[in-house]
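Written out below as structure tokens is the structure these notes cover.
The analysis underlying the following values was restricted to heavy atoms, covering all of them including side chains, and did not include hydrogens, waters or symmetry mates.
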Amino acid sequence: MAREYTLRPFNESRDLRIDYARELNDQQQAAVLSPPGPALVLAGAGSGKTRTLIYRVAYLLEQGIPPERLLLLTFTNKAAKEMMNRVTDLLGGTLMGLWGGTFHSIGNRVLRGHAAQIGFRPEFSILDREDANALIKACVNEVEPAKKPKGFPKPDVLSELISLAINTRKSLAEMVNQRFPQFSEFLDELEAIARAYQARKRADNAMDFDDLLERWFELMSAHSEIAEDWQRRFQFVLVDEYQDTNQLQSDLVDLLVARHRNVMAVGDDAQSIYSWRGANFQNILRFPQRYPEAVVFKIEKNYRSSPEILAVANAAIRANVQQFAKELTPVCSSGTPPALVVCADAEQQAAFVAQRILELHEQGASLQGIAVLYRSHFHALELQMELTRRGIPFQITSGIRFFEQAHIKDISAYLRLVHNPRDEPAFKRLILTLPGIGPKAAERMWKTFQEVLQIEEGGTMDLTKALRRVQTAIPKKAQTDWSQQQTVLEQIAQPDIKNRPGELIRWILEAGYSDYVKSNYTNHRSRLDDLEQLAIFAQGFAGTEEFLSQLALLSGVDTEGNPAFAEQEGQIKLSTVHQAKGLEFDIVFVIMLCEGLFPHARAVEEAVSEEEERRLFYVAVTRARRELYLSYPLLRFRGGFLGSPSMIPSRFLREIDAQLVEEWRLHPHH
């Protein structure tokens with residue numbers, strides 16, 4: 001007869017090497033020293049979230065928990081490395097056994113030891129994005145060997161669609177319905193391609209990044225003895241940036257901690273801004289329902305911003321219903337009140353930002369400590385022009401200036417070719433967007449096109465004749481698409497429309513380029529927004545030549561010409577708020593705070609989306625340490641010409657008490 005005997009954990013009395021009371025504030029200390037069990041740590045912006053996490057790891061190790069019994073999950077390799085290094089520095093000596101890394105890197109480590117159970121061999125390859133797209137392309141050709149129907153998604157768009165479905169744990173049909181309705185007519189083919197892609201990966205003994213999570217979850221769900229082994233191994237699981245987890249990641253965490261339930265989720269619901277990427281805001285919101293015994297810790301002492309900026313931040317998020325109420329409290333000393341700057345139009349707004357940056361720089365502010373944040377890339381259109389004119393060096397976080405993006409250059413190629421039929425780069429750019437045409441074919445097409453133009457040299461250049469000559473040399477695969485492109489070029493070359501750049505851009509969009517964007521880009525909505533704004537912007541120019549000249553000058557000018565700036569002084573940052581999350585700056589300008597722009601017009605249709613937009617605004621405000629400028633134009637473009645309606649200030653500004661900001665009234669110099 002077997003006898004049950006329970007081993008109680010033995011904790012020898014330890015002299016803690018770390019003085020937690022001295023190193024942490026009371027809120028951080030409460031979370032770090034909390035007893036085992038589920039815990040949700042709501043760490044507000046600038047409150048020392050990383051510090052709290054690393055001291056929690058250190059505390060558990062000092063309590064005698066072996067390093068190999070701890071799992072620290074992060075979202076980036078950089079975050080994982082930084083945390084591991086800081087824990088090592090804290091405790092002195094190496095921590096060889098500590099499991100720390102991104103969800104994907106931990107998934108890879110787990111799967112290497114259990115590949116056979118899920119139909120793979122241990123030496124499986126990991127496909128990067130380019131490899132995955134190439135394999136999907138092969139599957140597309142296998143399922144649809146004939147000419148692809150118009151509007152069929154390109155491999156990288158298909159890859160994004162399949163990935164989103166996996167990470168949100170939805171079917172492909174649900175994902176198409178919710179996010180990609182333009183592909184609903186191809187659903188049967190898409191599902192067949194997704195099945196073929198999974199089969200190919202197994203046959204090739206290869207996994208993509210999503211497999212590292214999906215196969216890990218599949219392994220644990222299908223093999224209870226393996227699941228139990230990992231559940232026993234990881235006595236404590238800590239998750240960083242929990243508000244950014246998608247459904248698959250959250251389900252994985254729940255499965256991993258099912259035995260011990262020692263999970264500490266650290267994050268900030270007020271900074272959940274990535275639903276478009278698959279992040280599920282409900283994961284953090286419903287944590288106390290999934291773990292009824294969970295203790296919730298709030299860390300609200302902010303070490304980043306002045307009290308005046310924090311007052312605006314607290315007011316900015318208050319209107320959200322779905323949230324854990326928090327009140328950031330300042331540690332920093334008092335500063336200047338945030339400025340609310342009302343501008344006549346977007347050009348005056350750009351002039352204000354540029355002039356104020358120069359003044360701040362003269363007063364000793366470092367350029368790299370200044371950021372201009374906005375909701376969408378096109379909001380900085382006028383500002384990029386103004387900074388370029390004034391020689392103020394700037395860096396865009398995406399790395400690409402507005403006028404240098406592929407979709408903007410495609411549209412300008414149409415205008416350039418109509419304006420100057422001898423523009424070889426413009427002709428080749430358009431030709432290369434056609435299916436099955438590479439550089440060699442493009443060169444042949446250009447020579448054919450040029451021959452006709454040379455024959456016509458004596459008289460008027462006949463663009464139509466040259467385009468129709470090219471038609472005879474176009475490969476069959478590209479004939480339909482070229483025919484459409486040719487029709488568009490012939491239409492926009494008509495004398496009555498040729499010199500109206502705003503109308504030309506809309507014509508190009510309506511005649512098929514918008515469909516091209518939807519099939520070729522995963523972020524098609526924001527790119528189409530860019531092009532609509534470009535069309536409105538173009539209406540402010542006297543003609544197509546002036547518009548194209550301005551575009552070319554802006555694309556080709558470096559902003560290093562101003563002698564006021566030494567080379568070593570760096571550049572100001574221009575960034576969307578999404579890309580600025582996790583960063584902080586001494587001085588922050590948040591521009592284009594108008595209804596329809598920030599919050600985005602599409603977002604305000606649903607309460608859930610409006611709340612995410614408000615969180616995005618909160619993230620923008622909490623990037624600032626010392627000075628904050630909030631601005632909006634009364635008109636989108638100068639002079640209020642057709643297509644430039646009056647702008648309504650953002651609801652987010654109206655939700656901030658007037659006493660918390662100082663209104664700046666701009667006066668043009670006479």
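Remark: S514 OG to L528 CG distance equals 6.0 Å, nearest 0.5 Å. Here H377 contributes atom NE2 and Q405 contributes atom CD; the two are 4.0 Å apart, rounded to the nearest 0.5 Å. Atom CG of L212 sits about 6.0 Å away from atom CZ of F124, to the nearest 0.5 Å. Atoms CG and CG, on L213 and N108 in that order, are 11.0 Å from each other to the nearest 0.5 Å. Put simply, CG on L381 and CG on L534 are 7.0 Å apart, with the number rounded to the nearest 0.5 Å. Separating the CG atom in L190 from the OG atom in S184 is a distance of 9.5 Å, to the nearest 0.5 Å.
No side-chain donor-acceptor contact under 3.5 Å links Q579 to the backbone of S575. No donor-acceptor pair closer than 3.5 Å links the side chain of E503 to the backbone N or O of I497. In this structure, N141 contributes its side chain and A138 its backbone to no donor-acceptor pair below 3.5 Å. Not one N or O on the side chain of N167 forms a donor-acceptor pair closer than 3.5 Å with the backbone of N246. Not a single donor-acceptor pair under 3.5 Å links the side chain of S159 to the backbone N or O of P155. D481 places no side-chain N or O within donor-acceptor distance of the main-chain N or O of L434, the cut-off being under 3.5 Å. The backbone N or O of Y521 lies less than 3.5 Å from no partner atom in the side chain of D156, so there is not a single donor-acceptor pair. The backbone N or O of D515 lies less than 3.5 Å from a partner atom in the side chain of S519, making a donor-acceptor pair.
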E613 and R375: CA distance, side-chain angles, deciding distance, side-chain contact (heavy atoms from CB on, under 4.5 Å) verdict: CA-CA 9 Å; E613 291 288 298; R375 171 64 178 85; 2.9 Å; yes
Can T433 and Q485 be said to form a side chain to side chain donor-acceptor pair (under 3.5 Å), step by step? CA-CA 10 Å; T433 63; Q485 215 171 62; 3.1 Å; yes
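No side-chain heavy atom of Y632 sits under 4.5 Å from any side-chain heavy atom of M647. Side-chain contact between L383 and F394 is absent, with no heavy atoms from C-beta onward closer than 4.5 Å. Put simply, the side chain of Y516 does not reach to within 4.5 Å of the side chain of Q484, judged on heavy atoms. Using a 4.5 Å heavy-atom cutoff, the side chains of I591 and Q349 are in contact. When side chains are defined from C-beta on, L635 counts as touching S646, because their heavy atoms get closer than 4.5 Å.
The aromatic rings of F617 and F598 stand perpendicular to each other, their planes meeting at an angle above 60°, with 30° marking the opposite boundary. Classification of the F427-F449 ring pair by plane angle, with boundaries at 30° and 60°, yields parallel. In this structure, Y414 and Y513 have perpendicular ring planes: the angle between them is above 60°, well past the 30° mark.
Around atom NZ of K409, no more than 12 heavy atoms belonging to other residues, nucleotides or ligands sit under 6.0 Å away. E123 CD: more than 12 foreign heavy atoms inside a 6.0 Å radius.
Taking the ring axis of F378 as reference, the NZ or CZ atom of R527 does not stay both within 45° of it and closer than 6.0 Å to the ring centre. Judged by the 6.0 Å distance and 45° axis criteria, R615 is positioned over the aromatic ring of F281.
Within the 6.0 Å centre-distance limit, the rings of F103 and F75 are counted as a close aromatic pair.
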